[in-house]
There are 2 protein chains.
Amino acid sequence: MDKANIILDAMKTLLEQDDGASCSVSDIAKKAGIGKGSIYYYFKSKDEIFDALVEREYHQIIENCRVLMNRSYADAAQKFALLFRSYRSSTSLLAMDHYLHQQQNAAIHQKSLAKILSSLSPIVADIIRQGVEEKSFRCEKPQETAEIILSVYCFLYDPGIFKWTPEQLKEKASALATLLENGLSAAKGSFQFLYQT
Amino acid sequence: MDKANIILDAMKTLLEQDDGASCSVSDIAKKAGIGKGSIYYYFKSKDEIFDALVEREYHQIIENCRVLMNRSYADAAQKFALLFRSYRSSTSLLAMDHYLHQQQNAAIHQKSLAKILSSLSPIVADIIRQGVEEKSFRCEKPQETAEIILSVYCFLYDPGIFKWTPEQLKEKASALATLLENGLSAAKGSFQFLYQT
DNA sequence: TGTTGTTCGACCGACGGTCGAACAATGAGA
DNA sequence: TCTCATTGTTCGACCGTCGGTCGAACAACA
């Protein structure tokens, strides 16, 4: 396997092990079974390793979402729900995710949120555009609107930043659904999936 | 003056100087004119110093916003604009932002964003409630809606997370304004202040 | 003079990152 | 096929800096 990927695997393993507490470059090198100097032959800095790991881990998830959207024949609201559920189930399988929500991994967490938003927003924007064509949504700026929706989801719903109770989360989801229904001039209940189940 | 506040002043000054690059505990001690050991007589850790600084600096800003809202006689949309401008001008004076937007301080950054959201959201919620009473807004969940609006501001507009151009920011603000106008059933142009100037 | 509160900077371990020596792999010229 | 020079790769000792500790020393006061 690629040496760079061996390094990323080592870091991922360490992040999953003990809350990422012992994730120094030396630790990564030891876990990867190579010298510390070699790490810096493949990566310029520790931050760059972070970036590469985030890139690698989320690439597959995003790709799955994209494929799902392209091969599904559904109206915009249904696609929204499909995407929402697909993404939720994918990330719940990502073992790293739980550790991202801890204080000491805030930097990589932030980077991964930024990646999610920038990768998913074009997909969400396409759904909105489809809704506009189908006359079920009204929206002049699909891309920016998609970013707004996702930023709420990334930030307000993040268990690493806020400790809401399930009831509070449901209230917020319901408020977002109403805001989107009216904001996009969509049919009542189009965004029910946000707070159901 | 209180020794603790002298230390906070020193840190604030250093953060304002060169993007917080030289803001080690030793630097803070030197700037404050005391020994490094004394720092740890007043604070348990560097994080605690920064928490105290965030608390002190944002308390005043939030308080200003609260007072401004209470003594202003304006309709809800005007109050929104007032609050927005007051907050923007206050935070632009805060040079701490540079420090917060560096990778290694992501944890503290998150904390301060969470503080902003939880402190400002009740104020925004009150504005929305006023708008509902005045029949200029329609909203069933003012508190949650306020949090949604603020989370967009805290996350999507954060220069430490995303590097948007001014034009892109304006597009996003315009999209948010439209979404809010429709989402709150407000009059066209109610949220123009978001993307003007 | 004893006690308590305060100050201090030398010191510590850990960190991210550097460095040059050493080792493998390659291929051109004889 | 045997050099040998070149290039790519590996390594851990080493560096400077950081956040944080520590005990000695000092100040204030009873």
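Every chain is numbered from 1 and lettered A, B, ... according to where its sequence line falls, protein lines coming before strand lines.
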Next on the checklist: So which atom in A/Lys141 and which in B/Ser174 form the shortest heavy-atom distance, rounded to 0.1 Å?
Outcome noted: CE-OG, 3.0 Å
Checklist entry - NA contact type, B/Lys36, heavy-atom cut-off 4.0 Å: base, sugar-phosphate, or nothing? => result base
Checklist entry - Could you give the NZ-to-C1' distance, from A/Lys46 to D/dC18, as a whole number of Å? => result 14 Å
Next on the checklist: Is there a side-chain contact between A/Lys3 and the phosphate of D/dT10, meaning an N or O under 4.0 Å from OP1 or OP2?
Outcome noted: yes
Checklist entry - Looking for any heavy atom pair under 4.0 Å, which part of the strands does B/Tyr42 touch: base, sugar-phosphate only, or nothing? => result sugar-phosphate
Checklist entry - Below 4.0 angstrom, N of the basic side chain to O of the carboxylate: do B/Glu167 and B/Lys170 qualify? => result no
Next on the checklist: Under 4.0 Å, counting only non-hydrogen atoms across every strand here, what does A/Ile39 touch: a base, just sugar-phosphate, or nothing?
Outcome noted: nothing
Checklist entry - From C/dG16, D/dG19, C/dC8, pick the nucleotide closest to the side chain of B/Ile34? => result C/dC8
Checklist entry - Taking OP1 and OP2 of C/dT6, is either one under 4.0 Å from a side-chain nitrogen or oxygen of B/Tyr41? => result yes
Next on the checklist: At 4.0 Å (heavy atoms only), tell me whether B/Ser38 reaches a base, stays on the sugar-phosphate, or touches nothing.
Outcome noted: base
Checklist entry - Hey, what's the ring geometry for A/Phe162 with A/Trp164, parallel, tilted or perpendicular (30° and 60° as the breaks)? => result parallel
Checklist entry - Salt bridge between B/Asp9 and B/Arg56, side-chain N to carboxylate O under 4.0 Å? => result yes
Next on the checklist: OP1 or OP2 of C/dG17 versus the side-chain N and O atoms of A/Tyr40: is any pair under 4.0 Å?
Outcome noted: yes
